[in-house]
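Keep in mind it's a predicted model, so treat the numbers as computed, not measured. Residue numbering restarts at 1 for every chain, and letters A, B, ... go by the order of the sequence lines. Hydrogens, waters and symmetry mates are skipped; everything else that's a heavy atom, side chains included, is used.
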Number of protein chains: 2
Amino acid sequence: MSVTLKDVAQAARVSVSTASRALTGTGLTSERTQQRLTRIARELGYRPNPIARGLKTGQSRLVALLVHNLTNASFQVMAEVVQARLKALGYQMLLCIGGDDPEQESDTLTTLVDHRIDGLIVVPTGKNGPQLKALANDVPIVCLVRRDDATDLETVLADDPQGAYLGTRHLIELGHRRIGLIVGRQDTTSGRERLSGYVRALREADIAKDDTLIHAGHFEPETGATGARKLLDLPHPPSAIFVANHEATLGVLRVTAERNIAIPDDLSLLCYEDMPWFEWHRPAISIVDNGARDLANLAVDRLLHRMDKGNGKDGVREYRVGARLIKRDSCRQIDAPTSGKSAKPKSPPSKSSAARSSAAKSAKV
Amino acid sequence: MSVTLKDVAQAARVSVSTASRALTGTGLTSERTQQRLTRIARELGYRPNPIARGLKTGQSRLVALLVHNLTNASFQVMAEVVQARLKALGYQMLLCIGGDDPEQESDTLTTLVDHRIDGLIVVPTGKNGPQLKALANDVPIVCLVRRDDATDLETVLADDPQGAYLGTRHLIELGHRRIGLIVGRQDTTSGRERLSGYVRALREADIAKDDTLIHAGHFEPETGATGARKLLDLPHPPSAIFVANHEATLGVLRVTAERNIAIPDDLSLLCYEDMPWFEWHRPAISIVDNGARDLANLAVDRLLHRMDKGNGKDGVREYRVGARLIKRDSCRQIDAPTSGKSAKPKSPPSKSSAARSSAAKSAKV
DNA sequence: CGATAGACTGCAAACGATTGCAAAAAGCTA
DNA sequence: TAGCTTTTTGCAATCGTTTGCAGTCTATCG
């Protein structure tokens, strides 16, 4: 069907080996034949067959990215970054969706390695440590966003302890003392670390940790709904909720909408990881940004390094990418009942606050 | 490194060919050897090398999906559907992001075909017709969402004329006479067809088409912003805007927010294609749903058919998937100034309306 | 019992590239 | 021009499968 190296060689009246050497630019052919062959190849429209080449060389020029889903904006960004970087280097990205499901992850992993991918960036479920570890002997692997504790794979993580700390501190500085936390599964790195950041900020401010204010659950909108209901039904509900579980955000919003809770007047809301529309939402939603773009870039850097310099076990195994707070309009200053903290007023004067309340009422419809 | 067929054959003391036949289940081996070999293969952890197999058979068990981006919720859904369907059949999905950029599309296409993909579902930019057409000889291709007019490829389209018609009619039924339209590039099928649906609804209602109310532009948020400004700055601005260009939605929202325009009180807003958060937005945004899931499923059906039954030029070249209207809260009934149309009041009483206006003001901050 | 069909199996040639090794060609020195 | 080195080239094996063809074995039938 398509033009093969043999065709090119025949047309040029040289052997296939010479053709190969000329076209791959090994420098083992004379300048003249090289140029002649490149010309002929171009004229014939020759395109090397990566499959055949791969069989011989053991490389596929395929790099896989395995994420949980594509609804999460961070994963979207990462996919786009990884794709762009790899493409520039002549690799094709294989984007796989694992659904945070260990079985699917395991399946996909074997398929990928079967296909002799040259490298893999994976957001691990954390349940396939042994498999990942074994695979890492065959192919360079970099973990992203989550660590798989059963492995010692090179891992690029968001600075979740810091991010959660920053977010919590922000709320504290606004005068909140009862801060609800909705967070991810505690058997994941990110879940645990965000909780720890939250706790640290509380401790620093001498606020007692109240376990009834903490809701940990799966990475699903439903978790947010359940959590929000639980928190809001408390005898003494929180004045702010920190949704440190990205997927849960929609669930929380649903509940506040259902109950006509005005944000930020009745409740301050701080979320984790951006979504493109947070900025346009009214009120615009404040977030802790996990730096998805940086994470992806660093992961690619590390992977390329491994693919290039060998897949050995070198020194650094863990990289952290800084988180930062993006203040928008979903958190408000509250009148600190007793505390003597210096509180620069940040939210607009009462007029606006009143307007906001009525907005909340109108939303009842 | 890994276990090859040869190893299995040796362990079983048969020839490689027998091993191959036994394991691929050709039925050309005795029941006994077949079972024995499967057992041994399993024990040894043999996994066939798709590269080697591909070289011989010309198949890769790779199917590519080429979309513009991953921010568009429709593409997300499609990617997930396609991935799930293909995986169940033992194919790996290659997800590629083309950015609606002809050059990138062209690049990606050649790479994909080089990699001997078994099938391709593509949302074409429309600028690489000849190439697509040529490629279609080598590999089954199905176009999705957009048609490439320079080809006669099998294409699965949303019913955009109908969708735009439904949306526009909805607004008309609510009493709107001046309806702004923000729509995509007119050199794309979807762009043209949505415009035509809009026009048809207008004509049916005996409303004169006013070109100043129509803004066509690129598939980008910026288009929405520009369009919204243009429309709102009109001496006699529209009472409703139909954003029939999904990507433009955020831009429109930005402008309405900037200008404190209350939706739906000051302006009714109807959008095209869902986003997961439209439902949670206040007001929840009414949309015309393009049926992304159905589109993807149908595209997979058609592709599998081609891969299975041969890649010939059969009868039907174009499939349409119905659109439907999803009413939420961003469009309101307006007092028809003169028209005698029967108008069941749908929007809440004035009290709420007033509240909503003040909500708009509060958003100024 | 010998012939013959039918079921299995193995040999060897692909698939399209890469690559070690040795031969041929070219360049250089004397 | 012979002799030697240094390119440059070609042969052939190889990567791990699949598959046409021919050969072996068993069983069945006359």
Taking atom C1' of C/dA17 as reference, at what distance in whole Å does atom CZ of A/Arg47 sit? 15 Å
Whether B/Asp301 and B/Arg85 form a salt bridge (side-chain N of Lys/Arg under 4.0 Å from carboxylate O of Asp/Glu) is what I want to check. yes
Taking only Lys NZ, Arg NE, NH1 and NH2, and the carboxylate oxygens of Asp or Glu, determine whether B/Asp101 and B/Lys127 approach each other closer than 4.0 Å. no
Hey, does A/Ser20 reach any base, or is it just sugar-phosphate, or nothing, if we go heavy atoms under 4.0 Å? base
In whole Å, I'd like the distance from the CD atom of A/Gln59 to the P atom of C/dG16. 21 Å
From A/Arg53 CZ over to A/Thr24 OG1, what is the distance, rounded to the nearest 0.5 angstrom? 7.0 Å
Can you tell me how far P of D/dT9 sits from CG of A/Leu23, to the nearest Å? 13 Å
Quick check: on DNA chain C, is the nucleotide nearest B/Thr57 upstream (toward 5') of the one nearest B/Val14, or the reverse? Name the residue that is more 5'. B/Val14
For B/Ile51 and for B/Thr26, locate the closest nucleotide of DNA chain D by heavy-atom distance; then report the residue assigned to the nucleotide nearer the 5' terminus. B/Ile51
Would you indicate which nucleotide in C/dT9, C/dT18, D/dC15 comes nearest to any side-chain atom of A/Leu55? D/dC15
Among C/dT19, C/dT9, D/dT9, the nucleotide that comes nearest once only the side chain of B/Ser30 is considered: C/dT9
When you measure from the side chain of B/Asn49, which nucleotide among C/dC8, C/dT18, D/dT17 comes out closest? D/dT17
Point-to-point distance, once rounded to the nearest 0.5 Å, from CD1 of B/Ile117 to CE of B/Met93: 12.5 Å
Report the nucleotide, chosen from D/dG16, D/dT9, C/dG16, that has the shortest atom-to-atom distance to any side-chain atom of B/Ala52. D/dG16
Whole-Å distance between C/dG16 P and B/His115 NE2? 16 Å
Between C/dG10 atom P and B/Arg13 atom CZ, what is the distance in whole Å? 12 Å
Exercise: do A/Ser30 and A/Thr33 side chains pair donor with acceptor under 3.5 Å: yes
Is the phosphate of D/dT8 approached by A/Thr33 (side-chain N or O, under 4.0 Å from OP1 or OP2)? no
If only side-chain N and O atoms of B/Thr4 are considered, is one of them under 4.0 Å from the OP1 or OP2 phosphate oxygen of D/dG16? no
From CZ of A/Arg36 across to C1' of D/dT9 the rounded distance in Å is 12 Å
If you look at every strand shown and take non-hydrogen atoms under 4.0 Å, does B/Arg116 touch a base, only sugar-phosphate, or nothing? nothing
Check this for me: does any side-chain nitrogen of one of B/Glu154 and B/Arg306 sit under 4.0 Å from a carboxylate oxygen of the other? yes
Basic-acidic side-chain contact under 4.0 Å: A/Asp100, A/Arg146: yes
Test side-chain hydrogen bond (donor to acceptor under 3.5 Å, both in side chains) applied to B/Gln76 and A/Thr71, step by step: CA-CA 7 Å; B/Gln76 291 168 25; A/Thr71 5; 4.9 Å; no
Whole angstrom value for the distance that separates C1' of C/dA7 from CZ of B/Arg32: 14 Å
B/Lys56 or A/Lys6, whichever maps to the more 5' nucleotide of DNA chain C: B/Lys56
Nucleotide N/O of nucleotides 20-26 of chain C paired with protein N/O under 3.5 Å:
residue, atom, partner, partner atom, Å
C/dG20, O6, A/Arg21, NH1, 3.3

To the nearest angstrom, how far is B/Arg53 atom CZ from D/dT17 atom C1'? 8 Å
Does OP1 or OP2 of D/dT8 have a side-chain N or O of A/Thr18 closer than 4.0 Å? no
Classify A/Pro50 by what it touches in the nucleic acid, base, sugar-phosphate, or nothing, heavy-atom distance under 4.0 Å. nothing
